Q: 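Pasting a structure below so you can have a look.
Worth saying up front: this structure is predicted, and the values here are computed from it rather than measured. Numbers restart at 1 for each chain; the letters A, B, ... are given by sequence-line order, proteins then strands.
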2 protein chains.
Amino acid sequence: MAETELTGPDIHHWVDRFSAALDRNDIQAASALFAENGAWRDVLAFTWTIKTCESPGDIHAMLSATLAKIEPRNWRVESGESAAEGWLLFETNVGKCKAYLRLEEGLALTLFTALQDLHEHPEPTGKLRETGLYNDGDKRNWRDRQHAEQASLGEEVQPYVLIVGGGQGGLALGARLKVQNVPTLIVDRHHRSGDQWRARYKSLTLHDPVWYDHMPYLPFPESWPIYTPKDKLGDFLESYAKIMDLNIWNSTEFSAASYNQDRACWNVTVQRDGETIELHPAHLVMAVGNAGFPRKPEFDGASTFAGEQYHSSEFTSGEAFSDKNVVVIGANNSAHDICADLVENGVKPTMIQRSSTLILRGETNSKMARPLYSEEAVEQGLTTERADFLNASMPLRMSEQMQKQMWDHVAVADADFYETLAQVGFQLDFGEDGTGLFMKYLRTGSGYYIDVGASAMVADGRIALKSGVAIERLTSDSVLLSDGTKLPADVIIYATGFGSMEEWVKRLISPEVAERIGKCWGYGSGTRGDPGPWEGELRNMWKPTAQEGLWFHGGNLQQSRFYSRYLALQLKAQYENLEIEVYN
Amino acid sequence: MAETELTGPDIHHWVDRFSAALDRNDIQAASALFAENGAWRDVLAFTWTIKTCESPGDIHAMLSATLAKIEPRNWRVESGESAAEGWLLFETNVGKCKAYLRLEEGLALTLFTALQDLHEHPEPTGKLRETGLYNDGDKRNWRDRQHAEQASLGEEVQPYVLIVGGGQGGLALGARLKVQNVPTLIVDRHHRSGDQWRARYKSLTLHDPVWYDHMPYLPFPESWPIYTPKDKLGDFLESYAKIMDLNIWNSTEFSAASYNQDRACWNVTVQRDGETIELHPAHLVMAVGNAGFPRKPEFDGASTFAGEQYHSSEFTSGEAFSDKNVVVIGANNSAHDICADLVENGVKPTMIQRSSTLILRGETNSKMARPLYSEEAVEQGLTTERADFLNASMPLRMSEQMQKQMWDHVAVADADFYETLAQVGFQLDFGEDGTGLFMKYLRTGSGYYIDVGASAMVADGRIALKSGVAIERLTSDSVLLSDGTKLPADVIIYATGFGSMEEWVKRLISPEVAERIGKCWGYGSGTRGDPGPWEGELRNMWKPTAQEGLWFHGGNLQQSRFYSRYLALQLKAQYENLEIEVYN
């Protein structure tokens with residue numbers, strides 16, 4: 001284990017004082033145990049939502065509203081990383097909780113608390129798993145029961161939860177709910193589970209290393225490659241759905257939904273293999289992801305262009321384009337990967353960079369993940385679950401500061417690499433406030449490329465670059481740029497990203513609900529694409545929204561894995577009719 | 001972790017003396033460090049086979065033959081369970097090795113040594129895994145490469161290893177060889193992977209608990225039931241084959257094989273979807289299991305019997321027999337499970353017990369597995385890999401003694417349970433020398449039932465029992481027993497077991513090769529079905545046989561998992577042309 005048993009008096013002492021203050025309902029004293037710049041991040045344990053309180057005052061207000069109902073108790077130090085930080089355990093009226101505490105001069109700089117398991121409905125895993133034997137007088141074996149459930153769910157039996165989207169997010173949440181025995185149906189428009197990934201461009205692999213990407217309950221084998229190829233991920237997800245025994249309707253389009261306030265359920269319409277089916281789930285989880293809905297700008301003259309035009313999501317391989325002039329619009333992940341694929345197929349594509357891009361060397365990315373997600377972490381006994389918890393324990397404001405420092409180092413360490421790009425005119429940034437890739441990801445989910453080879457092609461000219469230009473218009477056989485350049489073009493590929501989650505709500509539910517919900521993703525950093533006010537948490541993600549029964553799930557594999565746990569706990573609590581009061 | 005860092009002077013002291021003796025080639029001194037009744041079990045590290053030396057003299061002989069070539073070195077204590085036992089590490093010319101040592105009065109009572117990884121060809125897992133990126137100038141992505149391999153293997157490219165049988169054994173070995181990059185093809189007669197299990201009787205579950213049953217690389221999720229239902233296992237195995245990217249020809253019958261000494265490869269004939277294909281693997285692994293070939297006695301009058309006759313492997317469910325007289329011949333696992341299924345379908349079957357049976361309560365079985373394979377073991381940080389190693393570290397002679405003691409306790413603890421069976425005339429045994437189920441399993445693989453419910457039905461008469469009788473003959477509508485009883489019968493089910501592995505060799509290769517190989521399984525205990533001389537290891541299993549290029553793999557999921565590692569290492573070493581000298 002990474003932790004030693006040894007813990008100095010500090011965190012023990014703090015926990016003793018903190019729990020004593022809570023016990024005597026002395027909110028003032030409890031709040032005073034936080035540093036002025038201290039923050040308390042809570043996931044469900046106190047607030048039944050995901051919330052960061054960033055001052056003693058905020059903390060005071062939160063405790064005033066929640067303490068009496070929650071009745072936290074039995075606080076103890078589980079293990080310490082040092083005298084100044086470590087793992088805590090406690091309980092509430094509702095369930096078992098875990099926490100991670102960091103002290104600075106005896107006061108809490110960060111406290112992260114999270115509900116882990118419900119007292120009355122503990123997750124039936126480990127010691128609590130089923131026997132697999134059926135002695136209930138019913139003659140059906142496991143297969144009979146599984147078939148019956150699959151045949152009835154969505155027909156005679158309504159799912160309690162409907163998950164829209166069967167990618168890694170929908171499957172991870174589906175698995176958690178299946179284990180928790182919450183009747184759940186996943187609908188997905190693809191023919192087979194995993195086709196979300198299989199259908200993408202040929203050279204795609206995950207850009208994060210394997211240690212970051214495990215699915216819940218069924219980690220990748222230790223022989224798994226560092227960067228999972230897209231088809232291999234697709235195949236794994238398909239097997240995952242089977243092994244975890246999920247109820248999935250493939251080839252099913254979600255076409256409309258409205259909430260029935262009186263009956264406290266949704267009226268959902270789906271088209272399954274062409275047949276229209278009405279569903280009435282109590283909860284609707286949008287797990288369609290950031291990358292579900294292609295965004296394609298409409299340039300002047302686009303209709304007159306005589307060649308082929310594709311969105312990046314439609315591109316599979318450059319094999320067909322070997323003698324063509326190909327223009328790729330965009331300079332983020334997809335644009336780079338597609339250009340690299342074109343180069344490998346003998347094309348010299350032109351990449352049009354309209355605004356600056358953050359580039360991160362794949363190797364540097366793996367190093368950044370290293371303390372928590374790496375072979376070294378595994379060897380030190382740091383489980384993925386504990387790594388996720390530590391990762392979540394840092395509030396966003398402090399993450400920004402730490403990330404900025406880290407990126408200052410990256411700029412120096414990888415200076416030669418960046419110089420090769422600058423020399424060909426590639427416009428680089430580290431985010432407008434220098435906080436780097438991960439904050440960009442949380443703010444807008446775009447604006448970067450994790451380099452797995454294309455940057456060298458940009459630097460040495462195998463990929464032609466036009467940067468700092470806008471598209472003026474298209475002609476029948478060219479792209480006219482704002483600097484007057486006329487680029488001959490047979491094929492135009494729009495690597496221009498994907499629509500937002502709220503756009504899905506607007507299209508599939510209603511503009512009114514979309515308006516009520518507001519923006520999804522982003523945390524109010526006040527930077528481009530992520531306007532304030534400061535929220536301190538991703539908007540609407542994995543937590544109650546302004547629309548009853550509507551939830552958002554998504555993100556990369558790490559977020560999917562971690563937050564699916566807490567979204568499942570919220571849905572399980574509702575399914576079991578627990579009394580839930582959300583603090584906002 | 002179960003181990004503490006603390007270790008007393010004893011195992012350190014022993015290891016220092018032992019390694020010093022080996023270093024100065026003082027075989028006498030090294031052998032003298034073993035107790036008179038001490039034993040050294042080696043898997044590949046010294047002997048390139050699986051061998052237990054059971055006296056200082058045996059050990060002296062083994063070291064004399066192997067020491068100079070193996071050059072063991074760098075012995076150290078990894079961690080101690082106590083001052084008297086613990087884990088060792090060392091290296092040889094060939095690879096990294098692990099050992100487990102138990103001392104008694106300063107001398108080795110047991111030493112278990114095993115080769116773990118080859119120096120020159122370490123398993124590419126963990127830190128050594130592939131990147132998943134292909135920068136070799138070849139435009140093919142992962143899927144292209146996978147498809148090409150699958151299309152060519154067995155056609156343009158000969159497999160180095162051919163595994164016959166794609167059950168848990170074939171798949172586990174196939175996975176290890178795939179990870180080790182040894183070109184391997186698995187042929188299996190079933191239509192889909194997992195059908196071996198799906199096709200069996202409806203109520204079947206594994207009789208061992210989940211912690212004992214994990215496959216290599218991809219453990220079951222922590223939500224997995226304790227006793228895996230057969231279809232769930234079948235589905236898991238099918239997904240396993242996909243996730244581990246195995247090359248399998250399903251619907252393929254292995255029909256003949258002969259060894260070509262000059263070319264050092266096999267001429268194998270298979271029928272794949274009706275097409276005859278010749279294969280030329282260097283190595284042939286029989287992984288058809290103990291339960292591949294139905295054994296059905298030929299009773300007098302069988303051809304005149306007007307009803308239905310099935311072997312247990314053909315039985316799927318008692319649903320069709322609800323108004324029938326059903327006689328089940330046999331009183332082991334299958335007979336019990338089938339009778340229970342019949343009872344649940346409204347039948348009152350008659351079980352004919354021809355010889356005594358060992359019955360073990362499922363709960364007691366789980367308790368027996370507990371120190372190594374249980375949720376408690378998991379909580380204490382005992383990995384499956386370490387549990388397997390500990391399990392293998394006990395030589396068979398000592399296992400027999402320990403098992404006998406344990407079964408003496410079982411007889412007392414479960415006396416009431418056994419009494420209920422004795423009262424209805426059920427003939428019980430604990431093995432002819434009282435050493436219990438596991439030794440029976442290793443000797444003959446039969447003669448027992450792990451009770452998951454049928455024993456209560458025998459005790460209360462829902463299953464009628466005729467015990468201590470032989471079958472005299474069949475008439476058109478009855479079974480005549482040796483005690484004169486005439487049992488009316490519409491259906492006869494032969495729960496009479498399966499043929500031996502050597503029978504497969506005789507049928508599929510040749511009687512000559514079968515003769516040369518001799519018996520498979522059993523260890524020469526000198527009990528019924530397992531004649532002496534004492535071998536101290538299972539005959540022909542997972543180790544070199546008298547026929548070059550012929551190997552046997554099989555057993556339960558635990559054995560499959562553990563020994564597939566060492567069989568794969570032997571095949572990898574041959575594939576890489578390492579110099580191998582087998583000590584016999």
Side-chain angles (χ1 to χ4, degrees), chain A residues 1 123-127 129-135 137 139 141-144 146 175 178-179 198 202-206 210 216-232 234-236 238-240 242-245 317 319 341 344-345 362 375-376 378-379 381 452-453, chain B residues 1 123-127 129-135 137 139 141-144 146 175 178-179 198 202-206 210 216-232 234-236 238-240 242-245 317 319 341 344-345 362 375-376 378-379 381 452-453:
Chain A
M1 309 293 278
E123 191 185 58
T125 53
K127 273 185 182 166
R129 67 181 84 214
E130 287 180 13
T131 64
L133 307 173
Y134 303 106
N135 300 319
K139 288 177 217 161
N141 71 1
W142 173 81
R143 172 56 36 92
D144 296 335
Q146 185 211 32
K178 176 75 188 186
V179 170
R198 291 190 196 95
K202 190 174 159 180
S203 62
L204 179 66
T205 68
L206 292 183
V210 60
Y217 305 112
L218 195 77
F220 297 119
E222 58 175 345
S223 56
W224 206 255
I226 297 174
Y227 301 106
T228 308
K230 54 129 185 157
D231 294 288
K232 195 168 176 71
D235 289 357
F236 185 89
E238 187 177 17
S239 289
Y240 184 84
K242 285 180 188 153
I243 288 172
M244 297 308 299
D245 215 1
S317 161
E319 281 158 333
D341 187 273
E344 281 167 8
N345 282 288
E375 207 58 43
E376 291 79 2
V378 172
E379 280 171 8
V452 287
Chain B
M1 310 293 280
E123 191 186 57
T125 52
K127 275 187 179 164
R129 67 180 85 213
E130 287 181 11
T131 64
L133 308 172
Y134 302 107
N135 300 319
K139 289 178 217 160
N141 71 0
W142 173 81
R143 171 58 33 97
D144 295 337
Q146 185 212 32
K178 177 77 186 186
V179 170
R198 291 189 196 94
K202 189 174 161 180
S203 61
L204 179 66
T205 68
L206 292 183
V210 60
Y217 305 112
L218 194 78
F220 296 119
E222 57 174 346
S223 55
W224 206 254
I226 297 174
Y227 301 105
T228 308
K230 53 131 186 154
D231 294 289
K232 194 168 176 68
D235 289 357
F236 185 90
E238 187 177 16
S239 289
Y240 184 84
K242 284 180 188 151
I243 288 172
M244 297 308 299
D245 214 359
S317 162
E319 279 158 333
D341 186 274
E344 281 166 8
N345 283 288
E375 207 60 43
E376 292 78 3
V378 171
E379 279 171 7
V452 287

Q: Please name the pair of heavy atoms, one in A:S223 and one in B:M244, separated by the smallest distance, quoted to 0.1 Å.
A: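 The answer is OG-CE, 3.8 Å.
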Q: If you take all heavy atoms of B:P229 and A:G132, which pair is closest and at what distance?
A: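 Between these two residues, the closest heavy atoms are CG-O, 3.9 Å.
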Q: Please classify the contact between B:D341 and chain A as side chain, backbone, both or neither, with a heavy-atom cut-off of under 4.5 Å.
A: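 Neither part.
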Q: Of the backbone (N, CA, C, O) and the side chain (C-beta and beyond), which part of A:P219 lies under 4.5 Å from a heavy atom of chain B, both, or neither?
A: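 For A:P219, the contact with chain B is made by the backbone alone.
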Q: Does any backbone or side-chain atom of B:K178 lie under 4.5 Å from a heavy atom of chain A? Answer side chain, backbone, both or neither.
A: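 It is neither, since no heavy atom gets under 4.5 Å.
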Q: Is there a donor-acceptor pair under 3.5 Å between the side chain of A:R129 and the backbone N or O of B:W224?
A: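 Between the backbone of B:W224 and the side chain of A:R129 there is a qualifying donor-acceptor contact (under 3.5 Å).
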Q: Could you tell me which portion of A:E319 (side chain, backbone, both or neither) has an atom closer than 4.5 angstrom to a non-hydrogen atom of chain B?
A: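 Neither part, no heavy atoms under 4.5 Å.
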Q: For B:E222, what residues pass the salt bridge (charged side-chain N to carboxylate O under 4.0 Å, His left out) criterion, not counting sequence neighbours?
A: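 Checked B:E222 against salt bridge (charged side-chain N to carboxylate O under 4.0 Å, His left out); zero matches.
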Q: Measure distances from A:I243 to the heavy atoms of chain B and classify the residue's part below 4.5 Å as side chain, backbone, both or neither.
A: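 Backbone plus side chain of A:I243, per the 4.5 Å heavy-atom cut-off to chain B.
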Q: Identify, with sequence neighbours excluded, every residue that meets salt bridge (charged side-chain N to carboxylate O under 4.0 Å, His left out) alongside B:R198.
A: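 Counting only residues at least two positions away or on another chain, B:R198 forms a salt bridge (charged side-chain N to carboxylate O under 4.0 Å, His left out) with B:D195, B:D235, B:E238.
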Q: Between A:K242 and chain B, which part of the residue has a heavy atom less than 4.5 Å away: side chain, backbone, both or neither?
A: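 A:K242 touches chain B through side-chain heavy atoms alone.
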Q: Quick one: of B:K202, B:E376, B:K230, who has the most non-hydrogen atom pairs under 4.5 Å with chain A?
A: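 The candidate making the most pairs under 4.5 Å is B:K202.
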Q: Counting only non-hydrogen atoms closer than 4.5 Å, does B:V210 touch chain A with its backbone (N, CA, C, O), its side chain (CB onward), both, or neither?
A: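 Only the side chain of B:V210 comes within 4.5 Å of chain A.
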